[in-house]
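Below, chains carry the letters A, B, ... as their sequence lines are ordered, and counting in each starts from 1.
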Amino acid sequence: VALLGVFLARTFTEPVHQLIQGAETISGGSLDYRIPVDVRDEIGQLAGAFNEMADNLRRSLQEIWESEKKFRGLLETAPDGIVVVNSDGHIVLVNPQTEKVFGYSRDELLGKPVEILMPERFREVHVEHRQGYCAHPITRPMGLDLALVGRRKDGSEFPADISLSPLEIEGRAFVMSLIRDITKRKQVEEALRDSEKRYRDLAETARDIIFALSGDGIIISLNPAFETITGWLRTEWIGKPFEAMVHPDDLPHTMELFQRVLQGEAPPLFEARILSKSGELVIVELTATLQVRDGKMISVLGIARDITERKRIEQERQEKEAWYRMLLEKYPDGVALSVEDKVVYTNPTLCEMAGYTVEEMVGRSPVEFIIQEDRERVIQRIRELLAGGPEYPSQYQVVKKDGSHRAIEVISRCISHDGKPTLLSIIRDITARKRAEEALRERTEALTEERNLLRTLIDNLPDYIFIKDPESRFVVNNVAHLHVLRAITQDEVAGKTDFDIFPRELAEQYYADEQMVIRSGTPLINREETTIDPEGRQQWLLTTKVPVRNSQGQIVGLVGMSRNITTLKQTEAALRESEARYRAIFDRAALGIGRVDLEGRTVESNRALQEMLGYSAGELQSMSFVEFTHPDDAQKDWDLFQELITGQRDHFQMEKRFIQKDGRLIWVNLTSSLVRDAAGHPQFAFGMAEDITARKQAEEELKQAAAELTRSNAELEQFAYVASHDLQEPLRMVTSYLQLLERRYQGQLDEKADKFIAYAVEGAARMQTLIQELLAYSRVGTRGQPFAPTDCQAVAEAAVANLGAAIQESGAVVIRAGLPTVLADATQLTQVFQNLIGNAIKFRRAAPPQIHVGAEREKGAWVFRVRDNGIGIAPEFTERIFVIFQRLHSRDEYPGTGMGLAICKKIVERHGGRIWVESEPGQGSTFYFTLPDRGGIL
Amino acid sequence: MMKSAASLKPIEILLVEDNRGDVDLTLETLEEIKVHTTLHVITDGVEALAFLRREGAYSHAPRPDLILLDLNLPKKDGREVLAEIKTDEHLRRIPVVVLTTSQAEQDILQSYDLHANCYITKPVDLDQFIQIVQAIEEFWLTIMRLPAR
């Protein structure tokens, strides 16, 4: 039981406790509190009911609170002024809107009679009305259009719409009035009325169609503009469905919009085509709205504006715009606009030109696209243009995006766009043009150069070159020809003709030739003609004149070339003369002349040769020279001939023997030479033979004579030798023994014997002298020394020294001066001087001898002289004194053998000189001898 | 020594000369100048060589101290004699004086080529001749030292 009691206690007391606790909690305000419910028992059911009750309570309280909140919110936020008045007419409540409408604050109104809110003129009446109302309170709504007026704190009045509602709160009656300032509404209504009238007027006078449609699309009304625009009468269409007027293509859209209007939407303007009476379509732009009055649709009101013209203009404008756009887009030049150094527009051509896209170009400075070197110029140019400078094209180089360069020509104009200075630029790619220009320039230069070259060429030709027009007037003349025309520059002869320069006959001839060439079109080739040079001499010309044709083949002039062949002509003439002369020489020469080919065969022979050989010309023809040459000479002649042909020698000369036709021999002196052609190849040989047979014979005889002479000379030498040796031997015996005899026996014989012995001794002595001198004479030629440079001064000194005794004895004065050095045999020359000086001393007069020795140079030789003041020589003896053994005086007067001068003569002659004497008896003598001055080297 | 020898014994001179005049003239001259000499005179070249080589009749001939040789000799002329003397080793040392009338250059040159010791042209004048002989005697026999015999 206890256990049960515990169980019960626990089962029943716990929920009850909870129940009591929950009721207390809820009553304390915690309405959300709920008792934990265990529905298994009665107490659980009770708790559930309790909870339900708590829920209901909470719900009704909630409703009250929300109503209160709503009401308060309504009061606070109501658009109308709310004023609650008690039964005494005093204000007990106002909302914020009331304060706003009337300009009073809440405190100023609370507790005041409500009449404070109305003009004074209505206040008394209102008190009555209020009392009346209180007796029979009814709810009076707004909008009954009672002309009620409110008064603001500032005294101003306003139309008001006021509703009244009786209130009973906690048994007391109040009146709540809602006050709405209807000033605006009144004004709107007023305006609406005015407007309606205006609209009506407007509708009547509007240029747009104003129409009204019923909900099913029947036309209710139309204004007069309808008639103007469509040509229909309004009566023709009122009462008819509008669809019939709309172009079928526009109908679905129109109907759709109509439905939308009916739905209350405000659709946008739309266009539709309607049919005019004339059948033309009229484009209208229309809008429509649903007209509702008092929540009921009255009509659909619309306006349709005729935009046919506008459309047309718009289309035109669009077309034009398309044209302009196309113009810009397709413009072959680049077009750009730039503002404030920024590109704002480029056309595709420019983009293509620069290799950039529009986006890449716009916004950048135009200068950036120009190569560095041109930038300064561009900047300068832009500055100029912005300053109103002149417009003219400028050329620059642009850098394309790929880095390549293009040449451009830019012409810009400064325009004002949006009030900003804007540069409009047209850019043309002139790269190709530049290249073409460059190519043209190069071509022009090349042509000019070629022309100059050609001009230089023709000016430097010695030939005369000229171009004439069809009237034979000079057009072009080279320098050589200008000279002939007595001119220096082309201008001097421009337009002139030959008639202005040359004698008439010449000019006529030239003119006739040229006219022939021009008329016939046939060139005149190599015409020989004459002209007169500026010095007045006749000149021969070889002239060619060729017609000059233009591209159409018409003859427009002629070109002439003249070569001065005067010299050639003269040479020709001279050559002919020369030829004739040489032919004459050949034919008539005393020399035998033959021409032989390279095999030695005679090709040509002259008469002299034919006569020399005894053959006729025909017989000699083709005969080899070997055939008429003596066999002993043939080999040598042939060898020399071969040397001639092979070029080892130019010519040769030989003495040879010809065999005449009859077999006799003749000696000739043959001179042979070779003739070569221009290239140096041997052509033929000439032989010239001089008959020297006679000379040869003479030579032979001379040779024999010479041999004879040599032999006789040798014999003479031998004789001299024999004389010197063998003749002296017996002479010596005679002399020696005579002397011995004299020595031993003098005085032992008689006087006569002594005298005889003396004669014998003297004779022997003289004979010995003779032999000695003869020997000396013979030895001059055979025992001489070779010539050597010899100082004649020294030689003379030696001679004087040798003559020392004689000079001293005679008191002679020997003056020697100016003696040269010569090539000589010094010993022999000493002999000459000694002999001459010795003679001068020997053949003296009483006075002491004065002897002058000197020399002078004369015509390549030295002339020596030895002058004395001696006895002189008679003219008839001047030759004789030089002959051996010749004496002029007796031995008693002047001793001597007569050999001295002969020896001198022989010595001088051996030296190639000669000796002579100039003298007069009693006047002294001058002996001269010459010695050749050999080469003047000494 | 030579002087003493000379004083004891006469000087032997061989004169080869075909001209009797010249021989006598030489003898006369030598006599005149009183020189103590023995002059042996031979008149042709063959004989002269025989004398020198002591052949035949000359087996006892003395060896001369000096030979005076003429160029123009019968049988064998002086040039040949000179050549043979100068090529004979027993004779070549004997001085040979060529004494001749020839003044010909070629004779002079040839004589010296054949080793003549002296060439003298006989003078025409007697006094000159005496002087020359005297000079020869003095020079060759007194001044010069001759090889021993």
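- Applying the 6.0 Å contact sphere to CD of A:Gln748 captures more than 12 heavy atoms from other residues, nucleotides or ligands.
- With respect to A:Leu740, the side-chain contact (heavy atoms from CB on, under 4.5 Å) criterion is satisfied by exactly one of B:Thr29, B:Asp24, B:Ile130, B:Leu25: B:Leu25.
- Sparse packing is recorded around CD of A:Glu879, with 12 or fewer heavy atoms of other residues, nucleotides or ligands lying under 6.0 Å away.
- Around the NZ atom of A:Lys905, the shell of radius 6.0 Å holds no more than 12 heavy atoms that belong to other residues, nucleotides or ligands.
- From B:Phe129, atom CZ reaches atom CZ of A:Arg732 across 6.5 Å, with rounding to the nearest 0.5 Å.
- Contact annotation: the side chain of A:Met733 approaches that of B:Asn19 to within less than 4.5 Å [non-hydrogen atoms, C-beta and beyond].
- With a 4.5 angstrom heavy-atom cutoff, B:Gln128 does not touch chain A via any of its atoms.
- Heavy-atom contacts from other residues, nucleotides or ligands closer than 6.0 Å to OH of B:Tyr112 number more than 12.
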